[in-house]
Amino acid sequence: MIDLKDLAENPEKYRASQRAREADEQLVDRVLTADAERRSALAEFESLRAEQKAFGKKVAQASGEEKQALLEGVKQLASQVKTAEAAANKAQEQRDEIAASFPNVIIDGIPTGGEDDFAVLKTVGTPRDFSAEGFEPRDHLELGEILGAIDMERGAKVSGSRFYFLKGVGARLEMALINMGMDLALRNGFEPIITPTLVRPQTMRGTGFDVEHDDEIYRLEKDDLYLVGTSEVALAGYHADEILDLSGGPLKYAGYSTCYRREAGSAGKDTRGIIRVHQFNKLEMFIYCQQEQAEELHEQLLAWEEEMLQSLGLAYRVIDTAAGDLGTSAARKFDCEAWVPTQGTYRELTSTSNCTTFQARRLNVRERVSDAEGKSKGTRSVATLNGTLATTRWLVAILETHQNADGSVTIPEVLRPYMGGMEKLEPIQR
Ligand code: AMP
């Protein structure tokens, strides 16, 4: 939820944000109109209520015929108050609904435009030149099959397209990657946490998902529960309706969960292998912090993601996502895209978003504030951030980048301790 007071004071900032997102600029005025209507309906209700009270006193003091006449008026007023109350409630609901549809206000200076308008902030590492090495790289699925690591066919048999089995060294590699990421998170003060993957509608909405219209989300109708597409949802909901003590620094969680995505709009895209699947695993960093710390921590989340990518020997670039390609909750988003040799292009492996106070307002996560003398000044919203440390998709870049001509894959050194010291994945069939 945006800050409605700020919107009323700085409507132009919100109009500019909407323009940068290529979204409806007039939403600003609709929120302002709905808020004015809410205030006037509330004022009408309160004034009628005051009149009703005063009238009540008059009636109490009257007697006989005068009282009878006044009682007629009481009835009329009561009905007017009831109507005004209903109107005030409706106006409040309408204002809340419009305000809830307003995406987060972007951070000034990020690229404007849509999916293709990102800015490349940096490129790290050099894509491996297989032609110089004299062999044609195999794609991750071919490698996965000859290593006995990925089984798409049986995935499809059991669950349908975009499902798969990770087995043998594939299963081990994924666990190694997640454990390595978890160790990085632990070294940096994150608390490990395994989250629920089914959440209530209010948690989904609070995190910024439009549950009624979002085709990406799996829903369990009978139970009114949603399957999360990321543990960010459960982690954002974790402290809902709480007042946090951030005096000792930000709260940092490293959440592990399975993620489910319908990929409804992706027909025909990435149909081969595990790059775009309905179910994958993810290690996600999630931070609750003070508003002023959010931008610096966002850079820090990106740095941890980069540390992970670099230690695995992957070539990648960092992009600053354009406003129109941000999710509803994000004010800024950096993606790390790793080089996928057989695609000859960079593909997104991580994503880190600064959601400023947007999610915290919706989920009512606050902190106490006090003045310089320590006198309480009430509460205010905290900020939330999230960032990917590892997902199943990382196997694609690792397998393809570190493959050898004979179909084996050299395990990056940092992963070896998590693979029982194994140095290479060897083909089980050719
Ligand atoms: P997102 O939460 O959409 O930013 O995604 C975070 C990360 O999850 C991406 O950077 C990918 O590594 C991974 N990911 C997203 N969607 C899929 C998918 N359908 N299949 C496999 N991995 C995915």
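Count residues from 1 along the sequence. Order of appearance sets the numbers: ligands from 1, and atoms from 1 within every ligand.
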For ligand 1, is there an atom lying under 4.0 Å from some heavy atom of Thr392?
no
Looking only at protein heavy atoms, what sits closest to atom 3 (O) of ligand 1 is Arg261 NH1, 2.6 Å
Any N or O on Thr388 sitting closer than 3.5 Å to an N or O of ligand 1?
no
Any side-chain donor near an acceptor of the partner, Arg219 and Tyr226, under 3.5 Å:
yes
Between Asn104 and Thr356, do the side chains contain a donor N or O and an acceptor N or O under 3.5 Å apart?
yes
Are Phe130 and Phe135 close enough that their ring centers fall under 6.0 Å?
yes
Between Val396 and the options Ile275, Leu143, Asp139, the side-chain contact (heavy atoms from CB on, under 4.5 Å) test singles out Ile275
Can you see whether Thr379 engages Arg366 through a side-chain donor-acceptor pair at a distance of less than 3.5 angstrom?
yes
If only side-chain N and O atoms count, and only distance matters, is there a donor-acceptor pair under 3.5 Å linking Gln26 with Arg30?
no
Under 4.0 Å, counting heavy atoms only: does Asn386 come that close to any atom of ligand 1?
no
Pairing of Glu263 and Arg276 as salt bridge, 4.0 angstrom limit
yes
Which ligand 1 atoms, with their elements, are less than 4.0 angstrom from a heavy-atom of Ser351?
4 (O)
I'd like to check whether Val277 has a polar contact with ligand 1, where a contact means an N/O of the residue lying under 3.5 Å from an N/O of the ligand.
yes
Kindly confirm or rule out an N or O of Thr391 lying under 3.5 angstrom from an N or O of ligand 1.
yes
Of the protein's non-hydrogen atoms, which lies at the shortest distance from atom 14 (N) of ligand 1, and what is that distance?
Phe280 CZ, 3.4 Å
Starting from atom 9 (C) of ligand 1, locate the nearest protein heavy atom and write down its residue, its atom name and how far away it is, to 0.1 Å.
Glu348 OE2, 3.1 Å
salt_bridge(Arg205, Asp210) N-O dist < 4.0 Å
no
With no hydrogens and no angle check, do the side chains of Asn89 and Glu93 hold a donor and an acceptor under 3.5 Å apart?
no
Look at atom 19 (N) of ligand 1 and say which protein heavy atom is nearest, naming residue and atom and giving the distance to 0.1 Å.
Glu263 OE2, 2.6 Å
Decide whether an N or O pair under 3.5 Å exists between Trp394 and ligand 1.
no
Kindly confirm or rule out an N or O of Leu349 lying under 3.5 angstrom from an N or O of ligand 1.
yes
Residue Thr350 vicinity, atoms of ligand 1 by number, heavy atom under 4.0 Å
10 (O)
Is there a donor-acceptor contact under 3.5 Å from the side chain of His402 to the main chain of Leu312?
yes
What protein heavy atom sits nearest atom 21 (C) of ligand 1, and how far off is it?
Ile275 O, 3.3 Å
At less than 4.0 angstrom from any non-hydrogen atom of Arg276, what atoms of ligand 1 do you find?
18 (C), 19 (N), 20 (N)
